[in-house]
Amino acid sequence: MKMTGAQAIIKSLENEGVEVIFGYPGGQIMPVYDVLLDSKIRHILTRHEQGAAHAADGYARATGKVGVCMATSGPGATNLVTGIATAAMDSIPLIAISGQVATHVIGTDAFQEADTTGITLPIVKHSFLVKDPADIPETVAEAFLIASTGRKGPVVIDLPSDVSRGELDFKVTEKRTRLPGYKPTTAGHARQIKAAAKMILAAKKPVIYAGGGVIAAGASNELRELSRLLEFPVTTTLLAKGAFPETHRLSLGMLGMHGTSYANYVMMEADLIVAVGARFDDRITGRLDTFAPHAKKIHIDIDPAEIGKNVPVDVPIVGDARGVLKELIAALKPLEEGRRKGLSAWHEQIKKWKKEYPLVVPVGDNLKPQFVIDEIYRVTKGDAIVVTDVGQQQMWAAQFYKTTKPRYFISSGGLGTMGFGLPASIGAKIGRPEATVVTITGDGSIQMNSQELATAVLNEVDLTVAIINNGYLGMVRQWQELFFNRRYSHTNLRRGESPDFVKLVEAYGGTGMRVFSQEEVEPALKKALKTRGPVLIDFIVEQEENVFPMVAPGASLDDMIGG
Amino acid sequence: MKHTLSVLVENKPGVLARVAGLFSRRGFNIDSLAVGVTEKPEISRMTVVVDVEEHSLEQVYKQLNKLINVIKVIDLPDANSVQRELVLVKVKAEPRNRAEIIEIVEIFRGKIVDVGKGTLSVEVTGPGSKLSAFEELLRPYGVEELVRTGTIALPRG
């Protein structure tokens, strides 16, 4: 069938099952937008391309599907960059389609020209600059395959305007991919699995350390089964919150810089760490040369380059977390006799740590941020998709909102992108309209993409946006307090002077509330959850509250402030 | 320690940038990098000499393999591979020492490829160490310009 490049792009996206594109039109992408008007694919017009990228990312994290965003050339594409990098750091399947100037003017510094494939090179899993309309069907098929398999990640398709205007013969059956260099390992090596099983059975002080790969692989059930079978405690990273129910008796909650004290003590005392879909990031290990000195390490990861990158590993298993865990369970089941007794001393020790160093909401007359999060947890019955921004509120949300299901906690981990929360919430809600979505953000973060309130209002996106407003760039202030002699250099946002967040959301056509005291929190939340469209609650909280426990940068994981 | 890696890549635009970008981004030092076509026109071979420790070599190898356009990465130890490099040297050659220089060139089985007024341009191929030795011998006469291709290599057998 003869069609234009633009028609081929949209047709290919339809063939991939794309339901929604988050984007923003402009000169060089206009041919594609023209075709989009006649497509069944929904388009969400954001108010900034960065919002489009984060919304597509939030959609992907909430649904497990590939998120798609689109922008024009030059500034449109450069505005996507932060969103692409955010997705890359957290291994999120994302397709970013950017317009580009016509092929014959590429390299001439044409109007709105930017070297998009060049600029995004270090932050993509792969990218394509399409030079011939005939390549479009294959390119889109390859982009989706690459984004959604192996270690997932963002793929950029840069589309010059003459390519989208040009013609091709689109064969309906066409879904070929030619990727001779792309063969992700998915099945774990049988001998390695056997070696891991042996090591697991010998352990006296084991722990499972689960990362975002468990959620990416859809391996939460297998993780729970493994933990139950072995009676192994489980700690999860920020990105794995919900991969294992945090209400489970074997859960240790989050580990790392702001993890629970007991999770960190368990890691440091363990004789075996079973890492699944995690990458021993610096926020997890603390000081590397003192990290988990007694532990043998089994590392299950889809990406061979992660194995041995930061920490030496005893049994590496490259493969998909779900498949590997299944095989590991199968290998262990027949051997698993009388195991539970052997671990009782370890469980006693963990119980002691949990009792001695619990995570508690601090008491006081003032409105504490932790109290607000705890109330959000209580009022939503722990059943909301929580999308956070970056900073103190993110860590409090991680500590006090107990997540029990995968894809119910969405946060920018690796890149730590302020401004992620609101647009990602919009994407999550659009992907999961049946779910309650709560955005936990800060007075700093919200202002980095507050323009997306318009997107939420106009698309009738039901959101509860909770601003934990302490008047500071709180996490930076906390570090200034602890490591820079309380010299608060440019972190005071001058609460009460500007902006008025309630008026701001009202200006956009949403609902605003302000909460000063503990008693007001529950009624405000209940009202917000019942109100249609976006509701923003400005929680005026204690200004200089800190996130504890905290492993100072460069300190050993068991050396916690306020632990 | 120096390692020679033979990297088979798809012959597509931007592949060199992806490989070079990977090395700079991850802080791996490249000693030399030579690119050319192979027996198959759709595949190019990059020969990269890197100076890294064993642990980093593993990362180089794995990170290269993650690039979609990289088809295969082969570590080529000196003992199991043939490694060659070419050098072009323009050396000052006065009439009184011209014969000496020609003799050195012959010992290294080189070729004189250009004769100028007061200079000789010489081509020598061989493993890098041989070229370095040759360079050292010519240096006292006055090397005006010099260029090396970087190592290319194939596995033996």
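Labels below follow one simple rule: chain letters A, B, ... track the order of the sequence lines, proteins then strands, and each chain is numbered from 1.
Proximity of A:Glu142 to B:Ile68: side-chain heavy atoms (C-beta onward) are nowhere separated by under 4.5 Å. A 4.5 Å side-chain heavy-atom check between B:Arg18 and A:Ser127 finds at least one atom pair inside the cut-off. Within the 4.5 Å cutoff, the side chain of A:Glu306 has no heavy atoms near those of the B:Lys62 side chain. Contact annotation: the side chain of B:Arg25 never approaches that of A:Leu121 to less than 4.5 Å [non-hydrogen atoms, C-beta and beyond].
No part of A:Leu129 comes within reach of chain B, as not one of its non-hydrogen atoms sits under 4.5 angstrom from that chain. For a residue to count as touching a neighbouring chain, one of its non-hydrogen atoms must lie under 4.5 Å from one of that chain's; by this rule B:Leu67 touches chain A with the backbone only.
B:Phe28 CZ: more than 12 foreign heavy atoms inside a 6.0 Å radius. Other residues, nucleotides and ligands contribute more than 12 heavy atoms inside 6.0 Å of the CD1 atom of A:Ile123. By the 6.0 Å contact criterion, CG on A:Asp289 is enclosed, its count of non-hydrogen atoms from other residues, nucleotides or ligands being greater than 12. In this structure, B:Lys40 places its NZ atom where only 12 or fewer heavy-atom neighbours from other residues, nucleotides or ligands lie under 6.0 Å away. Other residues, nucleotides and ligands contribute only 12 or fewer heavy atoms inside 6.0 Å of the NZ atom of B:Lys90.
Side-chain atoms of B:Gln63 never come within 3.5 Å of backbone atoms of A:Ala305 as a donor-acceptor pair (strictly under, hydrogens ignored).
Taking every heavy atom of both residues into account, B:Lys66 and A:Asp303 meet most closely at NZ-OD2, 2.5 Å.
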